[in-house]
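Worksheet: the structure to be examined is printed underneath.
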Amino acid sequence: MNAPMPVHPTDASAATTALKDLAQVIRSKNAGPFELTFDVMFSEAATYALVRDSGVLTPARMAELYGIDETAITYCAFFEPALAFKLTIVRSGYQGSVDESDTFGAQQHAPLLALAIPTSRRGGADVQHAADAR
């Protein structure tokens with residue numbers, strides 16, 4: 001994968017919060033020898049809805065964040081019953097190949113951590129951070 005590019009919300013007037021401060025779990029893992037999968041899980045329905053409706057976690061934004069072509073994304077969707085977002089991408093090389101640096105895919109979620117999510121507009125109330133709910 002290429003070096004990740006910073007991804008920012010489109011509305012400069014919005015206050016933002018890093019995704020890591022809103023989600024209960026952000027992880028990546030191996031999805032077979034040719035794909036990596038990412039899970040973002042929320043503990044509160046309101047926070048899940050805020051992130052879902054923010055327009056930040058889209059195939060275009062994920063491709064930009066990971067420096068890949070959008071065609072390398074095999075799955076990108078929110079799953080309301082689990083209050084979760086899931087992303088699956090094609091690996092740049094297959095698992096265990098000579099140039100591969102993370103055979104379990106467990107370190108690939110890092111670019112998602114600082115992803116800026118709009119959390120309030122001027123005059124609006126901030127959402128509760130997942131860290132505050134723990």
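- Within the 4.5 Å cutoff, the side chain of Met62 has heavy atoms near those of the Leu112 side chain.
- A side-chain contact (heavy atoms from CB on, under 4.5 Å) with Phe38 is found for one member of Thr88, Ile89, Ile26 and no other, namely Ile89.
- In this structure the side chain of Met41 never reaches within 4.5 angstrom of the side chain of Leu83, judged on heavy atoms.
- Taking 4.5 Å as the limit, every side-chain heavy atom of Val40 sits out of range of all side-chain heavy atoms of Val51.
- Without hydrogens or angle criteria, Thr37 side chain to Leu87 main chain gives a donor-acceptor distance under 3.5 Å.
- Scanning for side-chain hydrogen bond (donor to acceptor under 3.5 Å, both in side chains) contacts around Ser28 gives His109, with sequence neighbours left out.
- Taking every heavy atom of both residues into account, Ala18 and Ala114 meet most closely at CB-CA, 4.2 Å.
- Looking at Leu115 and Leu65, their side chains come closer than 4.5 Å, going by heavy atoms from C-beta outward.
- Between Pro59 and Ile73, the shortest heavy-atom distance links the atoms O-CD1, 3.2 Å.
- Annotation: side chain of Tyr48 is not in contact with side chain of Ser43 (no heavy-atom distance under 4.5 Å).
- Phe34 is not listed as a side-chain neighbour of Arg91, based on a closest heavy-atom distance of 4.5 Å or more.
- For the side-chain hydrogen bond (donor to acceptor under 3.5 Å, both in side chains) condition, the pairs that include at least one residue of residues 71-84, sequence neighbours left out, are Glu35-Thr74, Asp69-Thr71.
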